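I have placed the structure first, in the form of structure tokens, so that the comments after it can refer back to it.
Predicted model, so just to flag it, every value in this text is computed and none were measured.
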Amino acid sequence: MVDYNPMAGGFFLRRQADMTLPEKLYGTVEPRARKVLNTFNSRKDKNTGVLLSGNKGSGKTPLSRTICALALEEDKPVLLIEEAYMGTEFNQFMNSITQPVVVFIDEFEKKYNDPVS
């Protein structure tokens, strides 16, 4: 999890328990998650963005969590962002990460709902 403490020098990573999935996933969640990771793995620059949108209950969070769980199985770190971080210091922190990672921001629109003036 990405965390921030100005007294400790700014942004840092805090270990979080791995995401757990329900025993039964309905529909095509796992194949779709594997497709996202396969696309990511096949790209030379390792840049892949996925924006999931849809009605409540359409499966966005289970798909996201499955992508994260599968990435962890491949020894790729997952960065969970739970706060609306922004600005130069945050951008520098994110740009300092040099290994392939999955960045997971669940319910982005709720975290970043206050427009910056």
Side-chain angles (χ1 to χ4, degrees):
M1 176 177 283
V2 176
D3 215 338
Y4 181 76
N5 183 338
M7 303 302 278
F11 287 97
F12 63 96
L13 299 176
R14 181 169 41 94
R15 178 99 173 122
Q16 185 88 353
D18 290 346
M19 290 191 185
T20 57
L21 299 173
E23 286 185 32
K24 176 71 175 153
L25 290 171
Y26 297 96
T28 58
V29 173
E30 190 168 337
R32 290 167 61 204
R34 288 195 186 283
K35 183 176 182 178
V36 169
L37 280 177
N38 289 340
T39 300
F40 175 81
N41 290 332
S42 71
R43 293 193 172 161
K44 183 178 176 184
D45 62 6
K46 300 294 185 202
N47 286 326
T48 303
V50 178
L51 175 64
L52 302 176
S53 66
N55 294 329
K56 184 176 182 174
S58 62
K60 300 176 298 290
T61 297
L63 177 57
S64 300
R65 290 181 177 272
T66 303
I67 292 168
C68 293
L70 293 174
L72 290 169
E73 286 178 11
E74 294 180 3
D75 291 325
K76 287 182 181 60
V78 173
L79 301 183
L80 179 61
I81 298 179
E82 288 288 321
E83 301 291 329
Y85 298 126
M86 61 185 84
T88 303
E89 190 177 2
F90 176 67
N91 291 342
Q92 289 172 339
F93 172 76
M94 293 301 289
N95 285 327
S96 73
I97 299 167
T98 58
Q99 71 185 91
V101 299
V102 172
V103 177
F104 179 43
I105 307 172
D106 197 18
E107 298 188 352
F108 180 90
E109 73 286 353
K110 290 181 183 175
K111 289 179 181 65
Y112 288 90
N113 65 354
D114 189 20
V116 178
S117 313

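Judged purely by atom type and a 3.5 angstrom limit, Tyr112 uses its side chain to pair as donor or acceptor with the backbone of Tyr85. Judged purely by atom type and a 3.5 angstrom limit, Lys76 has no side-chain atom pairing as donor or acceptor with the backbone of Gln99.
Contact annotation: the side chain of Phe104 never approaches that of Ile67 to less than 4.5 Å [non-hydrogen atoms, C-beta and beyond]. Side-chain contact check for Leu13 versus Phe93: some heavy-atom pair is nearer than 4.5 Å.
Hydrophobic clustering of Ile, Leu, Val, Met, Phe, Trp and Tyr side chains at less than 4.5 Å, counting indirect connections, unites Val36 with Leu63. Val78 and Phe12 are not part of a single hydrophobic cluster, where members link through side-chain heavy atoms under 4.5 Å apart. Met86 and Ile81 fall within a single hydrophobic cluster, where Ile, Leu, Val, Met, Phe, Trp and Tyr are joined by side-chain heavy atoms under 4.5 Å apart, directly or via other members.
Here the NZ atom belonging to Lys110 is positioned 15.0 Å from the CD1 atom belonging to Ile105, to the nearest 0.5 angstrom. Note that the CZ atom of Arg32 and the OG1 atom of Thr66 stand 10.0 Å from one another [nearest 0.5 Å]. Taken to the nearest 0.5 Å, the CG atom of Asp3 stands 9.0 Å off from the CZ atom of Phe11. Summarising the geometry, atom CD belonging to Glu107 is positioned 11.5 Å from atom CG belonging to Asn113; distances are rounded to the nearest 0.5 Å. The line from CD of Gln16 to CG of Leu79 is 11.5 Å long, rounded to the nearest 0.5 Å. To the nearest 0.5 Å, atoms CD (Glu83) and NZ (Lys111) are separated by 8.0 Å.
Taking every heavy atom of both residues into account, Lys60 and Leu52 meet most closely at O-CD1, 3.5 Å. For the pair Val102 and Cys68, the tightest heavy-atom approach, listed with the atom from each and the gap, is CG1-SG, 4.1 Å. A pairwise comparison of heavy atoms in Leu37 and Leu70 identifies CD1-CB, 3.3 Å as the closest pair. Residue Pro77 comes nearest to Pro100 through the heavy atom pair CD-O, 3.5 Å, listed as atom of the first residue, atom of the second, then distance.
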Mind running side-chain contact (heavy atoms from CB on, under 4.5 Å) on Phe40 and Val50 for me, showing each step along the way?
CA-CA 10 Å; Phe40 175 81; Val50 178; over 6 Å; no
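Around atom CG of Asn5, more than 12 heavy atoms belonging to other residues, nucleotides or ligands sit under 6.0 Å away.
For the pair Glu30 and Arg34, the salt-bridge criterion is met [side-chain N within less than 4.0 Å of a carboxylate O].
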